[in-house]
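Structure first, commentary second.
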Amino acid sequence: MSIKDIIIVPDETLKKISDPVEKVGEAEKKLINDLFDTMYNSNGIGLAAVQVGVLKRILVVDVSTKEEKKKPMCFINPIIRKLSDDMSIYEEGCLSIPDTFIEIQRPKICEVEFIDIDGKINNLKCDGLLSTCLQHEINHLDGKLIIDHLSKLKRDLIVKKISKNKKDPDRIIV
Ligand code: NI
């Protein structure tokens, strides 16, 4: 088990476009395990490889509730094939942007093609929280963050606040 440090804004790595995975080898499988460990450790429901500083098109999600059995899902080289016209709104947070929640409207249903951990091509049609979470994580692979949905002014304010908090060692959240 290996928990990685999650990089946070304004780290420029988060703006980079991740590279497609050519082969699902041992390194990728280890990375996927680390992503799950890191995501569960932070109580997140999704995590992209770029968030631990690895620019590979890999992401993990688990949208199961506390009462349910864990449902880890891994997506390699995910491509959105279809988006619904119907939209839904969630208040989204991001492990790379502490203490920030933004209402974002996204297509309600999405169809995603991806490679699974065995290297096989798969398709998934999803709705609700899973659909939103997947779209959020796929945005990460393209260097796009939830704060990019805001005006530059609002975005700069949030990043400034986070950068300031980072330098203040006395601040605690209880
Ligand atoms: Ni995120």
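Note that this is a predicted model, so its numbers are computed, not measured. In each ligand, atom 1 is the first atom listed, and ligand 1 is the first ligand listed. All residue numbers in this chain count up from 1 along the given sequence.
Between Asp142 and Arg57, at least one side-chain N (NZ, or NE/NH1/NH2) sits under 4.0 Å from a carboxylate O, which counts as a salt bridge. Between Asp156 and Lys160, none of the side-chain N atoms (NZ, or NE/NH1/NH2) sits under 4.0 Å from a carboxylate O, so this pair counts as no salt bridge.
Met39 has its side chain out of reach of Gln51: every pair of non-hydrogen atoms, C-beta onward, lies at least 4.5 Å apart.
By the neighbour-count criterion of 12 heavy atoms within 6.0 Å, atom CG of Asp118 is densely surrounded, having more than that number from other residues, nucleotides or ligands. Counted within 6.0 Å of CD on Glu68, heavy atoms from surrounding residues, nucleotides or ligands total more than 12; the atom is thus considered enclosed.
Thr100 places a side-chain N or O within 3.5 Å of a backbone atom of Pro98 that can act as its donor or acceptor partner.
Counting only protein N, O or S atoms, 3 lie closer than 2.8 Å to the Ni ion (ligand 1).
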